[in-house]
Amino acid sequence: MAKLAARAMAEDPRVTEAKRLLRETLRDHQAALTGIRPPDPELRQGYEQTLARFAANRGASLYYPYLGSGMGRGALVELADGSVKYDFITGIGVHYMGHNHPSLLEAGVDAALENTVMQGNLQQNSDSEELLARLLAAANRKGAKLAHGFLTSSGAMANENAFKVIFQKKFPAHRVLAFEHCFAGRTLAMSQVTDKAAYRQGLPETLAVDYVPFYDETRPAESTAEAVAVVKDHLTRHPGLHACMIFELIQGEGGGYVPGTAEFFRALMQVLRAANVTVLADEIQTFGRTSEYFAFQHFGLDEFVEVVTLGKLSQACATLIRAEYKPKPGLVSQTFTAPSVAIRSASVILEYMETEGFLGADGKIMRLSRRFTDKLKDLARRHPELAAGPYGMGGMIAFTPLGGDPDKVARYLRKLFDAGVIGFIAGGIPAKARFLLPVGGIEESDIDAAFPILERVLVEFAASEASVAAAGAAGKGKA
Ligand SMILES: Cc1ncc(COP(=O)(O)O)c(C=O)c1O
């Protein structure tokens, strides 16, 4: 049989040797990254100038003064100011394998040897086919019936494609049901679904969205009954006009890592099924964060899901659909599906999840989660005035520092960043500090090393706030 030139090149001993040398080089230089370290004073001035120029060109400062050097080791990342930090937010859930994972270096070399940087709907390589087949197999392994899928370049686009196929099938139904405080992305349409006023301020209304309260763990039965009643009410007010309900099974950005339960979701999904309203699971943040590939599998909702979106840690994003949602020609297409490096890396990450014991109740995702949340529980027990929680599930972890005052939480997180641990804010009021661990690049020992920093900064921050408040009160007393 004729050998493809591409295969011959991939198997060329020079490529094998080049990869070996690159892995060795990476390992040697990564050895310099042994733990967190402060910025290098000699780099500081240049770094600040670069940040200022970037802020001027962007028209806004960065949330954190973070410009990576392009180097890291597992959970550690080096910034261009010479500092090294624990990355516990991973680009909001993207750098799942940590920094400079050797297997992704190989995927990158393989991608660099491909003929094109980008792949798209008109011209794609066989690695796109492989990835889509893997995603469908992963999604269907517990009984879901997702027959087709499309790759795309962002989570918001995966959701756009999901809504488009649903609306086309359900025409003329055009209304959407969504949870209060949900986050669905930032396109024009998704900013209508996303339940945050600031994210749609000044934008035209593109979609009619009806909101449903999310699960409240302090009132399981009541909150489930309330949500079901609200869904029924919306369905009655607009008979036959709802196309779908979008489910974020663990509320992320808006909710601050609040999971629902199997009973809650089933109760809603049964009503939706009876009313012929599509169940859309937005797994853009939850994919790879529970004991299963997908949170719908974790909650046992396989029989209900009809359309599923995923992204972030998968590098290339995707919309998976049941056969009956197959769109008419022309509805879904894109110049770019994803870059070759994202497509190849996605397959490597899926392979790791499967073969390196990430999944399952005792898999790495859940083990890391327990290690971190046990520490947060202990922190909240020892300092109830400083910390509440933990919240979340699996690889999505949060706690409420300092009573959840958004300004204080943001300033605490900035101090934590300066001290060498990167988390991020979530939720509204109370605000939370949230973490998305680099599951493939972190060990329990990294959590053990980072946690004392998280605690020390919290205690110091609270003490300094208290002394500022005391000084303010004394000043007022004098006046
Ligand atoms: C649940 C959910 N849906 C959609 C999105 C949008 O994804 P992207 O930012 O890749 O467009 C996000 C991103 O945070 C998300 O968490």
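Nothing fancy with the numbering, it's 1 onward along the sequence. Order of listing sets the numbers, starting from 1, for every ligand and every atom in it.
Residue Ala156 has at least one heavy-atom neighbour below 4.0 Å for each of these atoms of ligand 1: 6 (C), 7 (O), 8 (P), 11 (O). Near Ala184, the atoms of ligand 1 lying under 4.0 angstrom from a non-hydrogen atom of the residue are 3 (N), 4 (C). Taking every non-hydrogen atom of Glu248 and a distance limit under 4.0 Å, the qualifying atoms of ligand 1 come out as 1 (C). Close contacts between ligand 1 and Gly185 involve ligand atoms 4 (C), 6 (C) [criterion: under 4.0 Å to a heavy atom].
Each of Tyr391, Phe435, Phe399 was evaluated against Phe372; a single residue qualifies, Phe435, per the ring-ring contact (aromatic ring centres under 6.0 Å, His included) test.
Between Gln251 and Tyr257, the closest side-chain pair of non-hydrogen atoms is not below 4.5 Å. Contact check for Glu248 versus Phe214: no side-chain heavy atoms found under the 4.5 Å cut-off.
Using a 30° and 60° split on the angle between ring planes, Tyr66 and Phe417 fall in the tilted class, from 30° to 60°. Ring geometry for Phe265 against Phe299 counts as perpendicular: the plane angle is over 60°, on a 0 to 90° scale with 30° as the lower cut. Aromatic ring pairs are classed by plane angle as parallel below 30°, tilted from 30° to 60° and perpendicular above 60°; the pair Tyr86 and Phe88 is tilted.
The protein atom (non-hydrogen) at minimum distance from atom 15 (C) of ligand 1 is Phe183 CD2, 3.6 Å. Considering only non-hydrogen protein atoms, atom 7 (O) of ligand 1 sits nearest to Gly155 CA, 3.3 Å. Atom 14 (O) of ligand 1 has as its closest protein heavy atom Lys312 NZ, 2.9 Å. Of the protein's heavy atoms, Asp282 OD2, 2.7 Å lies nearest to atom 3 (N) of ligand 1. With hydrogens left out, the protein atom closest to atom 16 (O) of ligand 1 is Gln285 NE2, 2.8 Å, a heavy atom.
The shortest separation from a heavy atom of Gly252 to ligand 1 is not under 4.0 Å, leaving the residue out of contact. Not close to ligand 1: Ile92, with no non-hydrogen atom less than 4.0 angstrom away.
The cationic group of Arg289 does not satisfy the cation-pi geometry with Phe287, failing either the under 6.0 Å distance to the six-membered ring centre or the 45° limit from the ring axis.
Of the heavy atoms in Asn159, only side-chain atoms (C-beta onward) come closer than 4.0 Å to ligand 1. Contact annotation: for Arg186 versus ligand 1, there are no heavy atoms closer than 4.0 Å.
Using a cutoff of 4.0 Å between basic side-chain nitrogens and carboxylate oxygens, Glu444 and Lys375 are not scored as salt-bridged.
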Verdict with reasoning, Arg134 to Glu354, per salt bridge (charged side-chain N to carboxylate O under 4.0 Å, His left out): CA-CA 11 Å; Arg134 273 180 189 273; Glu354 181 80 39; over 6 Å; no
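For atom 9 (O) of ligand 1, no protein non-hydrogen atom is found at a distance below 4.0 Å.
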